[in-house]
Amino acid sequence: MKDSITTVLYNRQMAPGYYCMGIAAPGYPQLARPGQFVMVRVNQSYDPLLRRPFGIFRTGTEELSHSEMESQDYMEVVYKVVGRGTRLMSHLVAGDEVGLLGPLGQGFCISPDAGGAMRDAVLVGGGIGVVPLFMLAQQLVARGVKVHLLLGGRNCGDILALAEFERLGVKTSIATDDGTLGEKCFVTQLLQATLQKFPAVQVFACGPTPMLHAVQQICAAAGAELQVSLEATMACGVGACLGCVVEGRNHSEQQPEYLCTCKQGPVFDAHELAWTQEALGPVLTPAEDSL
Amino acid sequence: MKDSITTVLYNRQMAPGYYCMGIAAPGYPQLARPGQFVMVRVNQSYDPLLRRPFGIFRTGTEELSHSEMESQDYMEVVYKVVGRGTRLMSHLVAGDEVGLLGPLGQGFCISPDAGGAMRDAVLVGGGIGVVPLFMLAQQLVARGVKVHLLLGGRNCGDILALAEFERLGVKTSIATDDGTLGEKCFVTQLLQATLQKFPAVQVFACGPTPMLHAVQQICAAAGAELQVSLEATMACGVGACLGCVVEGRNHSEQQPEYLCTCKQGPVFDAHELAWTQEALGPVLTPAEDSL
Amino acid sequence: MSSLNHMKRMSPPPKLEVEIAGLRLKNPVMPASGTFGYGEEFSPYLDLEQLGAIVTKGISLAPKAGNPMPRLAETPAGMLNAIGLQNVGIEAFCSQKVEFLKKISTPVIVNFFGNTLEEYIEVARRLNEVERVDAVELNISCPNVKAGGIVFGTDPVTAARVVSAVRREVQVPLIVKLSPNVTDIRVMARAVEDAGADAISCINTLTGMAVDLERRCLSLANGTGGLSGPAIKPVALRMVHQVVSSVSIPVIGIGGIMSAEDALEFLLVGARAVQVGTANLVNPGAMANIIAGIEEFLAQRGIEDVNSWIGSLK
Amino acid sequence: MSSLNHMKRMSPPPKLEVEIAGLRLKNPVMPASGTFGYGEEFSPYLDLEQLGAIVTKGISLAPKAGNPMPRLAETPAGMLNAIGLQNVGIEAFCSQKVEFLKKISTPVIVNFFGNTLEEYIEVARRLNEVERVDAVELNISCPNVKAGGIVFGTDPVTAARVVSAVRREVQVPLIVKLSPNVTDIRVMARAVEDAGADAISCINTLTGMAVDLERRCLSLANGTGGLSGPAIKPVALRMVHQVVSSVSIPVIGIGGIMSAEDALEFLLVGARAVQVGTANLVNPGAMANIIAGIEEFLAQRGIEDVNSWIGSLK
Ligand SMILES: Cc1cc2nc3c(=O)[nH]c(=O)nc-3n(C[C@H](O)[C@H](O)[C@H](O)COP(=O)(O)OP(=O)(O)OC[C@H]3O[C@@H](n4cnc5c(N)ncnc54)[C@H](O)[C@@H]3O)c2cc1C
Ligand SMILES: Cc1cc2nc3c(=O)[nH]c(=O)nc-3n(C[C@H](O)[C@H](O)[C@H](O)COP(=O)(O)OP(=O)(O)OC[C@H]3O[C@@H](n4cnc5c(N)ncnc54)[C@H](O)[C@@H]3O)c2cc1C
Ligand SMILES: Cc1cc2nc3c(=O)[nH]c(=O)nc-3n(C[C@H](O)[C@H](O)[C@H](O)COP(=O)(O)O)c2cc1C
Ligand SMILES: Cc1cc2nc3c(=O)[nH]c(=O)nc-3n(C[C@H](O)[C@H](O)[C@H](O)COP(=O)(O)O)c2cc1C
Ligand code: FES
Ligand code: FES
């Protein structure tokens with residue numbers, strides 16, 4: 001939960017429009033939990049003014065080969081260039097400074113049953129929504145849970161980090177709109193099929209709001225537990241501005257129940273939320289990018 | 001007089017706080033005249049919003065050794081880091097883009113007598129004010145004029161481009177406030193001495209306004225012709241906003257005669273200007289930097 | 001707007017022509033007064049024939065000295081100016097500046113102001129006689145000059161009085177330029193519409209101030225200055241939206257327009273045309289880019305006429 | 001302020017203590033309402049004991065749901081918010097939030113508002129009974145809520161009425177927060193001073209709007225929002241300067257303060273203290289940097305007491 005000026009370690013293009021940035025992040029390997037996020041300040045100018053939120057893809061510690069026998073904690077952000085802030089980020093190189101605030105928010109909740117009574121978990125990622133699922137998969141695998149990863153995207157270029165999940169030994173199914181990778185269908189159709197095979201499992205999902213709506217309906221119908229990671233336009237990331245709220249389950253005009261995506265989320269148990277069309281706010285991803 | 005997005009060729013520190021930036025500038029070797037300036041757009045953000053004015057230090061053409069037998073026109077800007085814009089500039093590296101508008105304004109006027117009846121010219125530069133004097137010296141030397149260069153600064157670190165002038169064969173006298181280089185006096189004292197030795201020469205001066213005031217008085221007393229290059233806060237650089245005016249000789253409240261530093265200047269014949277305290281605008285250089 | 005680049009361009013090019021109070025403009029883009037000189041200054045950077053119109057620096061009856069220096073201060077994503085309406089006066093305008101304007105066919109809108117009601121009337125009368133003047137823009141909103149803008153532009157009764165007086169003097173379209181330094185711009189808009197304005201342009205600059213910590217004084221010699229540039233765009237958009245919904249005459253949107261996207265935002269909330277100010281100072285070719293960008297944006301979306309984009313906010 | 005670094009630091013450290021209407025503050029820096037939650041949210045980032053005061057999110061009689069999403073839009077060097085004054089209401093504030101505030105000794109200023117005169121009075125009465133409330137800040141200037149701010153804060157008579165009604169209910173210092181969306185802020189300032197305000201804080205946000213070109217609609221669900229951040233600093237400085245010269249009660253400067261230099265500018269034009277808003281959202285530790293920077297600046301110039309910097313504009 002610290003605010004610091006830190007350094008970019010590397011910033012690699014993963015696929016056209018997608019980058020992976022390593023950032024020096026002391027303490028993150030111990031602190032960061034799957035599903036948490038950071039707020040990144042891209043430059044010191046007042047334009048753009050606000051930090052940008054990014055999921056934590058993974059953390060690690062590298063032994064430094066220099067004179068001092070020190071080691072370097074780092075975290076990785078995987079991001080898609082969608083606007084000015086992410087474009088500026090994509091221009092950063094090793095050694096550049098960035099402002100880093102985090103780890104923030106509530107991550108995924110791994111049930112105490114995981115690996116015991118709970119033997120299967122289904123992870124559903126839409127496009128860049130795969131990001132917070134990697135650390136989750138790491139921890140589930142470590143607990144002996146069998147992870148079924150379902151990834152969706154418009155085309156093969158939107159399916160990220162396959163190699164990383166493979167190395168974990170996670171079985172991955174892919175759906176693309178145009179069939180350039182995996183099946184030509186929606187990721188929600190894969191989910192439906194998976195839940196038929198493995199009923200009553202725990203589902204974890206991250207992706208555009210329309211996808212989450214569909215996932216929620218499928219899970220509700222199948223009686224599967226669901227946790228979702230939401231996106232929202234954020235200013236502070238720490239629960240101060242109330243700019244990032246979603247409607248809680250019992251929300252009404254008279255008895256407002258707003259939840260901050262940044263503080264009570266970004267991961268919510270599906271039961272906490274109202275699943276009306278407006279409850280989760282507008283669809284943020286540009287029109288032609290919806291899944 | 002063109003506006004273009006172009007590339008930084010190099011950006012070297014010359015002395016602590018001083019940099020020399022080479023910028024690709026097609027046509028500049030033919031177009032740019034001594035004393036003209038450019039407006040540089042440091043980045044594409046709206047903060048800072050405005051371009052920054054810089055004198056043209058020199059221009060040239062480099063043969064490119066690549067496959068195509070092409071040559072590369074360039075110009076050099078020599079600048080001091082004084083605020084946000086120049087700090088951002090100092091971070092640019094070869095290959096970065098900058099916006100370049102120029103060459104702009106009226107340069108020094110070299111009399112047709114130069115090299116003939118006019119055999120001596122005195123150039124007075126205060127601190128970064130040396131910048132526009134280099135191309136002037138080049139052309140005067142080429143015409144056979146004997147150039148006496150007088151440079152002033154707070155200390156040795158403020159005396160720039162000595163080697164370049166030396167290569168031209170220009171005789172240089174130096175004054176520093178603390179005596180760390182040349183004589184411990186003001187550059188205006190050097191001027192006084194020089195004008196005693198070479199009466200009725202042409203003087204060209206660039207530097208902070210208080211220095212120019214003193215130079216003007218000395219020249220007026222000595223009967224020497226004087227051209228000065230002025231600084232002013234600028235927005236457009238092309239005479240459109242009227243933000244950079246100075247008072248002309250006949251200026252009065254009733255009959256305003258304002259001259260645009262960017263368009264009628266930055267070089268003025270001393271006779272064109274009113275030499276009252278306010279006429280040239282406020283002193284721009286930070287207090288402790290005045291000469 | 002990274003997404004623009006992905007899409008294919010369609011043909012034919014969209015129609016950009018708009019009409020403001022009987023004045024037909026090639027496209028909805030023109031300079032904002034005071035940021036484009038008298039046109040001539042920009043001819044090296046821009047084909048003036050490309051523009052929807054040319055708007056001149058504000059003209060007064062007598063030549064005006066303007067304010068002492070410093071007149072400029074940069075602010076976050078904006079700038080303050082306290083030029084003080086320096087201009088050559090109506091006489092010199094007619095004798096020196098009109099000549100150049102005769103060489104081009106782009107409609108000319110002359111911005112003007114006065115220190116008294118009589119001066120407004122007199123300038124208007126003189127401008128009405130100049131053939132090359134296709135419309136006049138009445139500046140009642142300048143925040144820099146004590147004797148000028150602040151009085152006329154912030155009180156609906158006074159504003160209406162100037163507008164109707166000027167109205168009687170001019171046959172050409174009368175555009176009234178509003179000040180944003182008011183509690184309710186809708187009241188001002190309705191007042192000038194009722195008084196006979198053919199169109200409204202808004203907004204002029206917000207009054208602001210900058211401090212020079214080193215010198216321990218105000219940055220501008222005049223104390224206050226007019227804030228312009230991207231910083232004011234949100235306020236300008238709000239006011240244009242408010243004015244569009246309050247009057248039935250056309251509205252010209254102004255304030256912080258730097259890009260085609262900015263211009264398209266103003267058109268979307270209902271501005272019939274836009275004026276580009278500070279952007280010209282940052283980039284003298286700005287308007288050419290903006291016009292090209294508007295055309296491209298509409299073409300990519302298959303919108304055949306800019307008029308069907310204007311005011312089409314969902 | 002590159003020059004700052006050249007100079008040597010002198011001792012002893014300058015005095016930063018200021019007084020606002022009888023309230024002694026360790027230093028002139030406090031958060032602006034609505035950008036600091038109820039204090040607790042920032043305790044991981046900032047030692048709350050360091051601050052001049054804590055200013056809470058605006059409290060109303062009943063809990064308030066606020067506006068639908070989206071509530072935020074970034075703008076050049078600024079941001080728009082249309083939170084719609086979401087808050088837990090006075091009941092929950094007293095039962096849930098005051099507890100935390102009891103743990104710290106920094107003065108607490110509670111910002112509040114109402115939808116009717118009666119609500120204002122009732123909230124004021126309830127706040128006056130809470131021991132931990134050292135002063136109240138009356139928000140008559142919120143531009144987001146139709147039934148609230150816009151009416152009270154833009155008309156001097158209405159504003160004065162609220163202020164005097166509230167005045168009768170509270171013994172603690174009464175700070176009135178002004179809206180910048182007015183023609184003449186001096187008139188408002190004098191009206192609230194005459195009605196019994198002990199201090200004035202200004203400015204609240206400028207009303208603005210943003211457009212979403214892709215979705216072809218307004219960016220904020222509410223339509224308009226409040227503009228804050230560096231973009232508004234020039235307008236804020238101008239208004240603070242105007243108010244300082246119009247009233248004799250102390251003025252708290254607000255608007256776009258991101259750095260110590262910004263804060264020093266407001267103090268120089270006469271603000272007795274400053275509030276930091278948007279900067280907290282960008283950098284939760286912003287106020288600690290600002291306080292340290294003010295101290296350093298004064299020390300470098302040999303200014304022994306911040307009070308001799310305040311209002312010392314040449
Ligand atoms: C908790 C959280 C975690 C996130 N994790 C990641 C991540 O791991 N990788 C990643 O690439 N992105 C992630 N995002 C989204 C990321 O924050 C935005 O893509 C980014 O802020 C856009 O900044 P920009 O300046 O490039 O775009 P802008 O110029 O601000 O906007 C450009 C376009 O992007 C859309 N957009 C703006 N904000 C968001 C948003 N929050 N989410 C989606 N679209 C948005 C806008 O509607 C617009 O169409 C996350 C968002 C949240 C809230
Ligand atoms: C015609 C002309 C030619 C110039 N040539 C050169 C040159 O060759 N090399 C060079 O280093 N500088 C030159 N300058 C000055 C240069 O433009 C400024 O130093 C620069 O704009 C400062 O930008 P900044 O963002 O770093 O500083 P800012 O943050 O804008 O200002 C920081 C400090 O610099 C002072 N300052 C601001 N503008 C100017 C100015 N125009 N002149 C002097 N001080 C200023 C301010 O008062 C302030 O104290 C020239 C100026 C003009 C008008
Ligand atoms: C340097 C400068 C001079 C200006 N002079 C005038 C003027 O003479 N008359 C006028 O009506 N507006 C004048 N304006 C205001 C602009 O026309 C425009 O309304 C304002 O700058 C907002 O637009 P922008 O943000 O695009 O600059 C001036 C603005 C600037 C920056
Ligand atoms: C997210 C947000 C919420 C705000 N909520 C309130 C509020 O509840 N009451 C109030 O008086 N002002 C509120 N404000 C206005 C701020 O207190 C402050 O006056 C304004 O933001 C200008 O300061 P700044 O530029 O430093 O942010 C809010 C501002 C923001 C950005
Ligand atoms: S982003 Fe500010 S409360 Fe969530
Ligand atoms: S800088 Fe605009 S007129 Fe000179």
Side-chain angles (χ1 to χ4, degrees), chain A residues 1-5 39 41 44-52 82-85 99-102 104 209 230 232-248 251-258 260-263 276-289, chain D residues 31 34-46 57 62-89 212 214-217 219-221 225 228-231 233 256 258 277-286 288:
Chain A
M1 286 274 272
K2 271 197 288 164
D3 172 30
S4 61
I5 305 254
M39 297 288 286
R41 180 131 189 229
Q44 288 302 307
S45 151
Y46 293 148
D47 177 49
L49 179 66
L50 300 175
R51 291 176 192 251
R52 302 293 193 252
V82 298
R84 246 150 49 81
L100 186 70
L101 178 65
L104 299 169
T209 319
L230 300 184
T233 311
M234 291 184 176
C236 70
V238 300
C241 73
L242 305 183
C244 66
V245 297
V246 291
E247 296 174 9
H251 177 87
S252 68
E253 234 349 84
Q254 296 71 43
Q255 290 282 323
E257 188 200 58
Y258 277 126
C260 280
T261 305
C262 68
K263 199 159 186 202
T276 61
Q277 207 54 259
E278 312 77 43
L280 306 187
V283 178
L284 285 172
T285 336
E288 70 290 17
D289 268 18
Chain D
T35 65
F36 204 68
Y38 301 96
E40 202 166 350
E41 289 81 351
F42 281 78
S43 52
Y45 305 104
L46 204 64
K57 171 117 202 81
K64 215 163 143 28
N67 289 323
M69 296 286 290
R71 291 176 167 188
L72 298 173
E74 196 181 37
T75 69
M79 62 177 275
L80 288 166
N81 87 79
I83 308 303
L85 294 174
Q86 177 184 337
N87 78 94
V88 297
D212 186 327
E214 287 303 332
R215 294 194 291 138
R216 226 174 169 164
C217 65
S219 300
L220 300 172
S228 66
K233 194 183 74 170
M258 304 294 286
T278 303
N280 297 320
L281 307 181
V282 176
N283 177 2

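First the proteins, then the strands, lettered A, B, ... as listed; each starts at 1. Since the structure is predicted, the reported quantities are computational estimates derived from the model, not experimental observations.
Pairing each heavy atom of D/Met79 with each of A/Ala235, the nearest pair is CE-CB, 4.1 Å. Closest approach of A/Val238 and D/Tyr45 over heavy atoms only: CG1-OH, 3.4 Å. The shortest heavy-atom contact between D/Phe42 and A/Ala240 is CE1-CB, 3.2 Å. Across every non-hydrogen atom of A/Met234 and D/Leu72, the tightest pair is C-CD1, 3.7 Å.
D/Glu74 places a side-chain N or O within donor-acceptor distance of the main-chain N or O of A/Leu49, the cut-off being under 3.5 Å.
Among residues two or more places apart in sequence or in another chain, the side chain to side chain donor-acceptor pair (under 3.5 Å) test is passed with A/Arg41 by none. For A/Arg51, the salt bridge (Lys or Arg N to Asp or Glu O under 4.0 Å) partners are A/Asp3, not counting sequence neighbours.
With a 4.5 Å cut-off on non-hydrogen atoms, D/Tyr38 does not touch chain A at all. For chain A, the nearby parts of D/Asn283 are the backbone and the side chain; heavy atoms of each come within less than 4.5 Å. A/Met39 does not touch chain D: none of its heavy atoms, backbone or side chain, sits under 4.5 Å away. For a residue to count as touching a neighbouring chain, one of its non-hydrogen atoms must lie under 4.5 Å from one of that chain's; by this rule A/Arg84 does not touch chain D.
Going from atom OH of A/Tyr258 over to atom CZ of D/Arg71 covers 5.0 Å, rounded to the nearest 0.5 Å.
For the set D/Gly37, D/Pro70, D/Gly66, D/Pro76, the entry with the most heavy-atom pairs within less than 4.5 Å of chain A is D/Pro70. Annotation: maximal heavy-atom pairing with chain A below 4.5 Å, among D/Pro63, D/Gly285, D/Pro284, occurs at D/Pro284. For the set D/Gly78, D/Ala65, D/Ala73, the count of heavy-atom pairs under 4.5 angstrom toward chain A peaks at D/Ala65. Counting heavy-atom pairs closer than 4.5 Å to chain D, the top residue among A/Cys241, A/Cys244, A/Ala279 is A/Cys241.
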- Let me see the working for D/Met69 and A/Val245 under side chain to side chain contact (heavy atoms under 4.5 Å, CB included), right down to the final yes or no. CA-CA 7 Å; D/Met69 296 286 290; A/Val245 297; 3.8 Å; yes
